Undergrad: 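This is the structure I want to talk about, given as structure tokens.
All residue numbers in this chain count up from 1 along the given sequence. This structure is a prediction, so every number in the text was calculated from the model and none was measured.
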Amino acid sequence: MISLWFFLALTGYLLTWLLIPWVLLKKSVNPTTAVAWILSVVFLPYLGAFLLIALGVNRIERRKQFKQAASQRIGRQVPPPPGNDDPREQFDEFQGQLSTLAERISATRATGGNEVRLLPDAETTFRLFEEAIREAKHSIHVEYYIWQPDKIGTRLRDLLIEKAREGVEVRFLYDTIGSLYLNAKFLRPMSSAGIAVATFLPGRSLRERWSINLRNHRKLLILDGRVGFTGGMNVGDEYLGLDPGFGDWRDTQVRVCGPAVLQLQQVFAEDWYYATGEELLSADYYPAPERPADTAAHVISGGPEADLAVFLSLMFAAITRAKDRVTLSTSYFVPPSSLAVALETAARQGVRVRLLVAKKANFLWTLLAGRSYFKGLLDAGVEIHEYQDGFFHSKTLTVDGRWSLVGSPNFDIRSLVLNFEVGLVIYGERIARELEEQFEGDLRRAVRVDPEKWAERSTWMVLGEQFCRLFAPVL
């Protein structure tokens with residue numbers, strides 16, 4: 001028995017010493033991430049090695065050129081919005097700077113003439129989903145991180161099947177890990193009805209099945225290239241508050257009509273081409289956009305295949321340019337150090353910075369890691385509120401009451417560096433005002449973190465938070 005334990009210990013240490021040089025060679029561009037993985041393999045022999053292989057290898061690099069080629073090929077073919085849809089001449093300096101940055105890092109530009117409607121609850125969102133699906137005439141494109149095979153998931157699936165049998169083109173793209181419970185029994189009726197069903201990475205090979213760390217976290221529903229939905233909501237009964245484990249669910253979604261829908265369609269087309277090889281280039285998918293309203297909006301997508309962390313760069317620029325106020329809602333808060341410093345710096349300069357985060361999380365270690373940032377933020381004057389009543393899943397950012405971001409990315413390293421995400425930037429006061437009013441309503445169901453009481457928490461709690469923070473880059 002002693003020899004067996006000695007053999008296991010020796011093998012574990014040898015594996016650790018073999019992996020540390022590999023981490024240093026592969027992760028040298030990000031010292032924080034490298035340290036996190038080294039600690040994992042040192043303190044968690046065998047388990048740390050397994051996690052590194054499963055989560056720490058950015059296998060998207062092996063297909064990075066293909067993903068970029070997909071984006072470039074589809075992007076070149078998508079018709080640009082008409083010239084009279086360019087709203088940038090009406091932007092102030094702050095909006096113009098952020099618009100220029102967004103255009104340079106996303107290869108699309110702000111469009112005018114959009115109608116943007118905030119959808120603050122699941123009942124309204126799913127009702128509008130059903131109405132829009134029923135009205136679709138040509139195409140329905142669905143892309144979701146999580147699609148549950150439960151009551152609402154089945155109801156929407158059956159509606160998609162009905163439309164496919166009417167002759168509408170339906171494409172259904174889902175993330176293999178996020179939608180883990182989707183099985184052949186649920187999907188077979190869709191394929192039988194003529195719906196094209198595909199999975200995003202992983203799934204094509206055994207090698208890709210190890211790539212569980214790279215998730216397509218986008219949530220998209222696009223109908224006829226004229227109506228689009230995006231935001232934080234997936235599809236499942238829990239979003240209706242029907243899961244007792246989560247309780248009442250708070251989320252934010254947007255419904256978009258106008259030129260920006262073509263940009264949502266482009267995001268789907270690029271992902272679909274990457275997953276299936278099918279090109280969606282027909283003009284029918286990109287109809288001449290109507291101008292139902294006067295909102296300026298810009299669809300932003302980001303993922304690990306890009307050379308730049310798109311959402312991290314955009315959020316950093318928006319926060320550091322703030323003059324009056326920053327209002328941030330996020331379900332998962334484990335920010336890159338640069339964004340934590342941006343919030344602290346803005347607050348120290350006199351900007352009112354308010355942060356609303358979830359008190360309940362799927363994983364305790366994620367919650368603790370996020371709380372490890374609270375002291376620095378509180379010391380700088382940031383107002384932190386924890387949502388108490390149910391599960392908080394909203395992801396919104398408003399700056400100075402005239403620039404807003406609503407979408408799928410959380411304010412954490414996973415969303416900003418590892419996941420494929422999508423968001424809608426809205427320029428103007430109306431949506432910013434509605435989001436701030438929504439934020440005020442959420443505060444009535446939250447408790448503000450008192451800096452003095454926070455400083456009095458136990459040493460053991462502080463140790464737990466700081467320990468979890470060591471692993472922040474890999475959570």
Side-chain angles (χ1 to χ4, degrees), residues 29-30 33 58-61 63-72 74-75 78 98-111 143-145 173 175 178 200-201 211 213-220 222 228 230-232 234 252 254 256 260 262-275 297-320 328 330-336 338-339 342 395-397 399 403-426 473 475:
V29 295
N30 190 336
T33 303
N58 188 356
R59 288 181 175 79
I60 199 66
E61 290 291 339
R63 300 180 66 191
K64 179 176 181 177
Q65 292 181 349
F66 179 52
K67 182 65 174 73
Q68 291 177 336
S71 299
Q72 293 170 2
I74 299 298
V78 174
L98 292 179
S99 173
T100 299
L101 172 64
E103 180 178 347
R104 290 177 177 175
I105 64 179
S106 68
T108 56
R109 64 171 175 81
T111 63
E143 179 174 351
Y144 275 86
Y145 175 59
L173 180 63
D175 185 86
F200 204 80
L201 184 77
S211 305
N213 204 33
L214 304 173
R215 305 277 37 89
N216 187 331
H217 197 240
R218 293 169 182 155
K219 303 98 166 61
L220 291 171
I222 305 143
T230 193
N234 294 291
T252 302
V254 289
V256 187
L262 295 182
Q263 296 176 344
L264 291 175
Q265 187 81 295
Q266 179 178 341
V267 174
F268 178 86
E270 292 171 1
D271 287 349
W272 185 259
Y273 179 63
Y274 178 56
H298 191 172
V299 173
I300 307 294
S301 65
E305 89 287 359
D307 294 324
L308 181 71
V310 173
F311 284 103
L312 190 158
S313 299
L314 190 60
M315 290 177 174
F316 180 86
I319 293 168
T320 55
L328 171 64
T330 183
S331 50
Y332 300 100
F333 181 77
V334 189
S338 58
L339 288 185
K395 312 150 198 321
T396 67
L397 173 64
V399 179
W403 184 94
S404 308
L405 173 64
V406 179
S408 65
N410 290 295
F411 207 77
D412 67 353
I413 298 172
R414 171 164 297 281
S415 277
L416 302 176
V417 177
L418 296 174
N419 287 347
F420 295 89
E421 305 279 2
V422 66
L424 184 71
V425 171
I426 307 106
L475 292 177

Undergrad: Out of curiosity, Leu312 CG to Leu314 CG, how far, rounded to the nearest 0.5 Å?
TA: 10.0 Å
Undergrad: With a 4.5 Å limit on heavy-atom distance, are the side chains of Leu416 and Leu339 in contact?
TA: yes
Undergrad: Against Phe200, only a single residue in Phe420, Phe268, Tyr273 fulfils ring-ring contact (aromatic ring centres under 6.0 Å, His included); can you say which?
TA: Phe420
Undergrad: Run the side-chain contact (heavy atoms from CB on, under 4.5 Å) test against Thr108 and tell me which residues pass, sequence neighbours left out.
TA: Ser106, Gln263, Gln266, His298
Undergrad: Indicate whether the side chain of Lys395 and that of Ser331 have a donor and an acceptor atom separated by less than 3.5 Å.
TA: yes
Undergrad: Hey, does the side chain of Thr396 reach the backbone of Val406 with a donor-acceptor pair shorter than 3.5 angstrom?
TA: no
Undergrad: How far does CG of Leu262 sit from OG1 of Thr111, to the nearest 0.5 angstrom?
TA: 8.5 Å
Undergrad: Any sub-3.5 Å donor-acceptor pair from Ser408's side-chain atoms to Arg218's backbone N or O?
TA: no
Undergrad: Specify the closest pair of heavy atoms between Gly407 and Pro409, including all atoms of both residues, with the distance to one decimal.
TA: C-CD, 3.4 Å
Undergrad: Rounded to the nearest 0.5 Å, how far does CZ of Phe316 lie from CG of Leu101?
TA: 11.0 Å
Undergrad: Any side-chain heavy-atom pair from Val256 and Leu424 closer than 4.5 angstrom?
TA: yes
Undergrad: Could you tell me the separation between the CD1 atom of Ile319 and the CG atom of Leu397, rounded to the nearest 0.5 Å?
TA: 5.5 Å
Undergrad: In terms of ring plane angle, is the pair Phe333 and Phe411 parallel, tilted or perpendicular, where the classes change at 30° and 60°?
TA: parallel
Undergrad: Let me confirm one number: the OG1-CD1 distance from Thr230 to Ile300, rounded to the nearest 0.5 Å.
TA: 12.0 Å
Undergrad: For the side chain of Thr320 and the backbone of Ala317, is there at least one donor-acceptor N/O pair under 3.5 Å apart?
TA: yes
Undergrad: Donor-acceptor check, side chain of Asp175 to backbone of Asn216, threshold 3.5 angstrom: yes or no?
TA: yes
Undergrad: Please find the pair of heavy atoms, one from Lys219 and one from Val422, that lie closest to each other, and give the distance.
TA: N-CG1, 4.2 Å
Undergrad: Please determine whether side-chain contact (heavy atoms from CB on, under 4.5 Å) holds for the pair Asn410 and His217, giving the CA-CA distance in whole Å, both sets of side-chain angles, and the decisive distance to 0.1 Å.
TA: CA-CA 10 Å; Asn410 290 295; His217 197 240; 3.9 Å; yes
Undergrad: Got a second to check how far Tyr145's OH is from Glu421's CD, nearest 0.5 Å?
TA: 9.5 Å
Undergrad: Check for a donor-acceptor pair, side chain of Ser301 on one end and backbone N or O of Val267 on the other, with a separation under 3.5 Å.
TA: no
Undergrad: A side-chain contact here means heavy atoms from C-beta on lying under 4.5 Å apart; do Leu98 and Trp403 qualify?
TA: yes
Undergrad: Begin with the C-alpha distance, continue with both residues' side-chain angles, and end with the deciding distance and a verdict on side-chain contact (heavy atoms from CB on, under 4.5 Å) for Leu418 and Ile413.
TA: CA-CA 7 Å; Leu418 296 174; Ile413 298 172; 5.7 Å; no
